[in-house]
Amino acid sequence: MVESALVGWSRAQFALTAAYHWIFVPLTLGLAIIMAVMETIYVVKKDEFWKHTAKFWMKLFAINFAVGIATGIILEFEFGTNWSNYSWFVGDIFGAPLAIEGIFAFFMEATFFAVMFFGWDKVSKKFHLLSTWLVGIGASISALWILVANAWMQHPVGMDFNPDTVRHEMVDFWALVLNPVAVSKFFHAVFSGWMTGAIFAIGISCWYLLKKRETRFALSSIRVAAVVGIIGTFAVMLSGDSSGIHVGKYQPMKLAAAEGLDDGGTRAPFSIVPGIEIPGMLSILATHDINGYVPGINDIIEGYTTPDGDVYLSAEDKMEKGRTALSAFADYTRLKNTDPEAAAEARHILDENVEYFGYGYIDSPEELVPNVPLIYWLFRVMVFFGTFLLILMLFVLWMEWKGRLSNMKWLQWISLLSIPLVYLCGQAGWIVAEAGRQPWTIEGLLPVNAAVSSVSVGAVQTTFFIFVAIFTLFLAIELRILIKAIKQGPKIEE
Amino acid sequence: MITYTFLQQYWWFLIALLGGLLVFLLFVQGGNALIFLAGKNEVQRQLIVNSTGRKWELTFTTLVTFGGAFFASFPLFYSTSFGGAYWVWILILITFVFQAVSYEFQSKAGNILGKRTFRIFLTLNGCLAPLLIGTAVGTFFTGSAFLVNKSAVGDIAAPVISRWANGWHGLEAVANPFNVEFGLMVMFLAVCLGALYMINNIEDKELSVSLRRSLLICFGGFLLMLVMVLIQFITMEGYAVDAGGVVVMEKGKYLHNLIQMPVVLIMFLLGAVMLVAGVVMTLVKKEFNRGIWLSGPGTVLAVMAIFMIAGYNGTAYYPSTADIQSSLTLSNSCSSEFTLKTMAVVSLIIPFVVAYIAYFWRQMDKKSLTKDELENSDKY
């Protein structure tokens with residue numbers, strides 16, 4: 001019997017690694033664009049000021065980049081170390097984007113990172129600029145492939161179950177790559193990185209304004225960062241809108257949990273906070289139609305019929321079909337070499353119920369409901385703070401445009417103190433996406449208790465605390481080094 | 001004609017190529033193992049760190065891509081070895097994690113632990129990573145204790161496909177001398193490559209003398225381990241796979257593989273000769289500093305040959321000592337034909353990737369690293 005403690009600790013370890021990884025990655029994605037824009041201005045205007053400005057942000061980028069790499073390698077290998085059943089059951093599909101990420105993105109980042117840092121006097125200006133852009137593009141390509149993989153876990157497409165090899169196998173590569181969930185996830189995640197980079201750069205620059213030093217550097221950085229951040233935030237909102245449609249369509253339980261919606265229907269309301277609702281808004285967000293039907297948690301558990309007449313099975317029915325599929329699979333495996341006729345019959349039953357295969361591992365319908373309060377509140381954290389940060393960036397840019405920012409201490413303080421908020425938004429978003437998918441590693445196909453490796457709970461507990469210690473130490477060191485580097489400043493003659 | 005079998009062999013070739021490149025790029029680790037041994041003063045240590053520090057991401061990336069390629073092409077290995085030999089892989093990962101931050105952090109103000117600590121991390125990664133990776137690869141020939149039962153997926157209570165047959169989860173590999181000797185061989189090789197790379201990449205006469213001395217000692221260690229490994233390698237029982245997919249023990253299997261695959265034999269011998277020649281010429285001729293460009297490609301060829309011996313010619317590349325029929329072969333552990341074919345198309349980009357890496361490598365390393373450069377430009 002798979003121990004629930006093992007599943008819990010394995011999830012905790014993966015969540016820990018992913019959460020730490022996502023502290024460093026969005027800043028990489030965002031700063032890469034900001035410093036590339038700055039270096040482009042340097043090359044176009046031939047003004048050394050912009051070279052030094054870009055180099056200062058590159059210095060902070062490098063400090064952050066190293067820890068992102070350190071956490072990233074653990075994340076990749078944890079699919080094998082902690083989710084070995086998963087690795088075989090869907091490795092035929094899931095491994096491909098990881099390998100492509102390595103071949104296309106990581107080598108690009110690794111090669112041009114070295115040129116960007118050590119190549120100022122070794123390659124031409126334009127070649128150096130190209131290298132800086134390629135670091136950012138490489139990071140984005142890396143995000144693309146890992147998000148293709150993650151989107152497949154949210155909405156599996158392009159595969160068939162093969163009972164002879166006992167796994168899902170890819171049958172359509174382009175369905176995997178062009179999975180609509182992957183497209184919206186890619187833009188949502190990458191542009192949220194632009195937001196992070198922008199808020200970070202604006203906040204640090206405002207610190208210089210508060211200290212009345214490096215003023216030209218700070219105001220110039222704010223201009224570039226705010227433009228990048230505003231573009232990024234609007235793109236986040238657009239991709240978030242299509243993400244809402246996809247979640248409503250492919251992961252209705254996640255949407256119901258994010259809204260705390262027990263009983264659904266048409267003209268479903270959007271809950272701002274408990275007790276305050278906007279009538280019909282959830283239907284608009286989830287279906288782009290005020291009369292659109294949105295099922296609630298109870299509807300999904302008990303089964304429902306949409307106004308169009310589409311019937312959705314209850315959790316019990318799905319679990320029953322899942323157990324039938326598992327039983328038919330066991331029969332097929334047992335009989336295929338001895339009784340081809342009986343095996344063919346078992347195969348037929350399996351094919352009819354294979355859609356619900358994963359439900360066979362579920363013990364009770366309650367297991368299918370994720371942690372509603374967690375998802376409900378973190379979704380609001382993401383949306384409310386995200387909106388606040390957009391307003392902040394627009395206001396900061398406007399004030400800078402008017403030439404008043406240098407004298408607005410309160411706005412400088414708010415900008416500086418907003419840096420943690422952008423991280424909170426990013427973390428909240430990922431927790432909604434991943435915890436909202438529970439109990440599935442792959443939506444509807446494989447629950448976490450059937451995906452986990454067969455290692456002892458003690459071993460996973462030990463590595464969990466080792467990683468807590470290592471990652472926390474690295475984060476503390478990084479923060480201290482960043483603070484020292486910021487205090488030292490770019491030292492540009494003005 | 002592109003058959004399923006051809007695709008399996010093709011992907012094993014790519015795994016072998018990535019494995020070969022990874023061992024070559026372990027010169028970064030080998031170089032770091034010499035930070036305190038060859039670097040007699042701060043300037044020399046800084047030269048060492050900055051020489052390997054401009055290439056460390058390529059090694060790291062190759063390791064990650066090696067893992068990704070294994071996942072995509074042979075997912076049952078990924079599932080069985082990573083999930084089973086848990087402690088071995090976790091230890092390898094931890095050493096690399098410490099390496100990843102040590103370059104960037106070591107010289108920065110506010111790094112809490114101090115420069116020396118981060119350099120110790122680099123040195124530990126330099127020794128332990130090649131040692132552990134080599135020990136893990138040794139199990140490709142001696143076997144590991146695991147069981148594979150794909151039908152377990154139908155068991156609701158315990159749907160685990162791969163299980164480790166003991167509680168050591170991979171640590172038991174050190175109980176087999178062959179594995180340890182294999183690990184030591186890879187470690188000494190990495191240090192030799194590190195020394196050769198830095199002799200070529202750094203312009204500093206005193207450091208060059210020191211590196212040549214380290215090269216001589218480590219080459220001795222490497223040769224000793226190589227001889228011990230080779231003697232056992234050609235005489236040991238191997239895990240053969242018959243036409244029906246049944247795994248059987250065969251005396252001298254790996255020697256038979258070498259003889260029955262002359263191309264692999266030539267690759268191995270050519271690789272070994274190039275490797276040795278690069279070291280010997282560097283040791284004999286005081287002005288010769290291009291040994292890495294003989295020993296490096298030689299390493300790639302030799303390691304590729306070793307992987308080919310492990311997987312080709314009807315051989316189980318990841319044998320099980322707990323249940324011989326659970327052993328992993330190219331055909332029972334690979335991805336579907338569709339995935340292998342798709343990924344084969346993707347792999348056509350690899351020569352382009354190698355070409356741009358080589359181009360920029362040359363651009364960056366046209367001039368050797370000097371004290372002056374460290375004083376006047378960005379450095380770790």
Side-chain angles (χ1 to χ4, degrees), chain A residues 1-2 62-63 66-67 69-70 73-74 76-77 80-81 84-85 87-89 91-92 95-96 98-104 106-107 110-111 113-115 117-123 166 169-171 173 326 329-330 333 360-361 450 453-456 459 463 470 474 476-477 480-481 483-484, chain B residues 54 57-58 60-61 64-65 67-69 71-72 75-76 78-80 82-84 86 89-90 93-94 96-97 100-101 103-105 108-113 150-151 153-154 156-164 167 169 335-336 338-339 342-343 346 349-350 353 356-357 360 363-364 377-378:
Chain A
M1 188 73 186
V2 175
I63 296 163
V67 196
I69 293 176
I73 193 170
I74 301 281
E76 177 186 345
F77 285 97
T81 54
S84 67
N85 239 30
S87 296
W88 171 252
F89 199 63
D92 193 65
L98 293 194
I100 297 172
E101 184 188 17
I103 296 166
F104 278 78
F106 289 155
F107 281 112
T111 305
F113 182 88
V115 179
F117 276 93
F118 303 109
W120 286 102
D121 304 321
K122 291 175 187 274
V123 295
V166 197
E169 294 179 349
M170 194 197 299
V171 294
F173 177 71
L326 279 169
F329 164 73
T333 309
Y361 299 108
S453 296
S454 176
V455 283
S456 71
T463 49
I470 292 174
F474 287 174
I477 297 172
R480 191 141 184 267
I481 292 175
I483 290 166
K484 289 263 182 192
Chain B
R54 294 175 187 194
E57 286 180 320
L58 282 178
F60 213 86
T61 299
V64 173
T65 306
F71 198 178
L76 193 55
Y78 205 82
S79 163
T80 304
F82 286 80
Y86 189 78
W89 293 112
I90 291 283
L93 290 176
I94 287 174
F96 274 98
V97 163
V101 297
Y103 281 111
E104 194 57 45
F105 286 179
K108 295 276 189 303
N111 70 17
I112 298 176
L113 302 177
K150 292 177 187 169
S151 305
V153 163
I156 295 172
V160 181
I161 292 166
S162 302
R163 285 180 186 281
W164 213 248
H169 283 286
S335 283
S336 67
F338 181 87
T339 295
T342 305
M343 292 303 295
V346 170
I349 194 83
I350 291 175
V353 173
Y356 80 66
I357 291 171
F360 281 98
Q363 287 289 318
M364 296 293 288
S377 65
D378 295 295

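The analysis underlying the following values was restricted to heavy atoms, covering all of them including side chains, and did not include hydrogens, waters or symmetry mates. Computed from a predicted structure; not experimentally measured. Proteins get letters first, then strands, A, B, ... in listed order; numbering begins at 1 in each.
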- Task: Would you mind telling me which of A:I470, A:T111, A:N85, A:L98 has the largest number of heavy-atom pairs within less than 4.5 Å of chain B?
- Result: A:N85

- Supply the atom-to-atom distance B:H169 NE2 to A:S454 OG, rounded to the nearest 0.5 angstrom. 6.5 Å

- Message: So, taking the atom named OG1 in A:T81 and the one named OH in B:Y78, what distance separates them when rounded to the nearest 0.5 Å?
- Response: 8.0 Å

- Below 4.5 Å from any heavy atom of chain B, which atoms of A:K484 appear? Answer side chain, backbone, both or neither. side chain

- Query: At a heavy-atom separation under 4.5 Å, does A:F77 approach chain B through its side chain, its backbone, both, or neither?
  - Reply: both

- Side chain, backbone, both or neither of B:M343 within contact of chain A (heavy atoms, under 4.5 Å): side chain

- Query: B:A100 and A:A66: which non-hydrogen atoms are nearest, and at how many Å?
  - Reply: O-CB, 3.5 Å

- Counting only heavy atoms closer than 4.5 Å, note whether B:S336 contacts chain A via side chain, backbone, both or neither. both

- Message: Run the ring-ring contact (aromatic ring centres under 6.0 Å, His included) test against A:F118 and tell me which residues pass, sequence neighbours left out.
- Response: B:Y380

- Query: Measuring heavy-atom distances to chain A, does B:E57 have an atom under 4.5 Å in its side chain, in its backbone, in both, or in neither?
  - Reply: both

- Message: Would you compute the distance between atom CZ of A:F173 and atom OG1 of B:T339 and round it to the nearest 0.5 angstrom?
- Response: 9.5 Å

- Message: I'd like to know whether B:Y356 forms a side chain to side chain contact (heavy atoms under 4.5 Å, CB included) with A:F107, so could you lay out the CA-CA distance, the side-chain angles of the two residues, the decisive distance to 0.1 Å, and finally the verdict.
- Response: CA-CA 10 Å; B:Y356 80 66; A:F107 281 112; 3.8 Å; yes

- Task: With a 4.5 Å cut-off on heavy-atom pairs, point out which of A:I69, A:V67, A:I74 contacts chain B the most.
- Result: A:I69

- Task: Please check if the side chain of B:N111 supplies one atom and the backbone of A:I477 the other of a donor-acceptor pair under 3.5 Å.
- Result: no

- At what distance, to the nearest 0.5 angstrom, does CZ of B:F82 lie from OG of A:S87? 9.0 Å

- Message: Can you tell me which of A:A114, A:S456, A:A62 forms the most heavy-atom pairs within a distance under 4.5 Å of chain B?
- Response: A:A62

- Query: If you measure from CZ on A:F113 to OG1 on B:T61, what distance do you get to the nearest 0.5 Å?
  - Reply: 11.0 Å

- chain A heavy atoms under 4.5 Å from B:V101: which part of the residue, side chain, backbone, both or neither? both

- Query: Between B:I90 and chain A, which part of the residue has a heavy atom less than 4.5 Å away: side chain, backbone, both or neither?
  - Reply: side chain

- Reported CZ-to-CD1 distance for the pair A:F104 and B:I350, which is rounded to 0.5 angstrom: 9.5 Å

- Task: Please state whether the side chain, the backbone, both or neither of B:I161 comes within less than 4.5 Å of a heavy atom of chain A.
- Result: both

- Message: Which one wins on heavy-atom pair count under 4.5 Å against chain B: A:G91, A:A110, A:G102?
- Response: A:A110

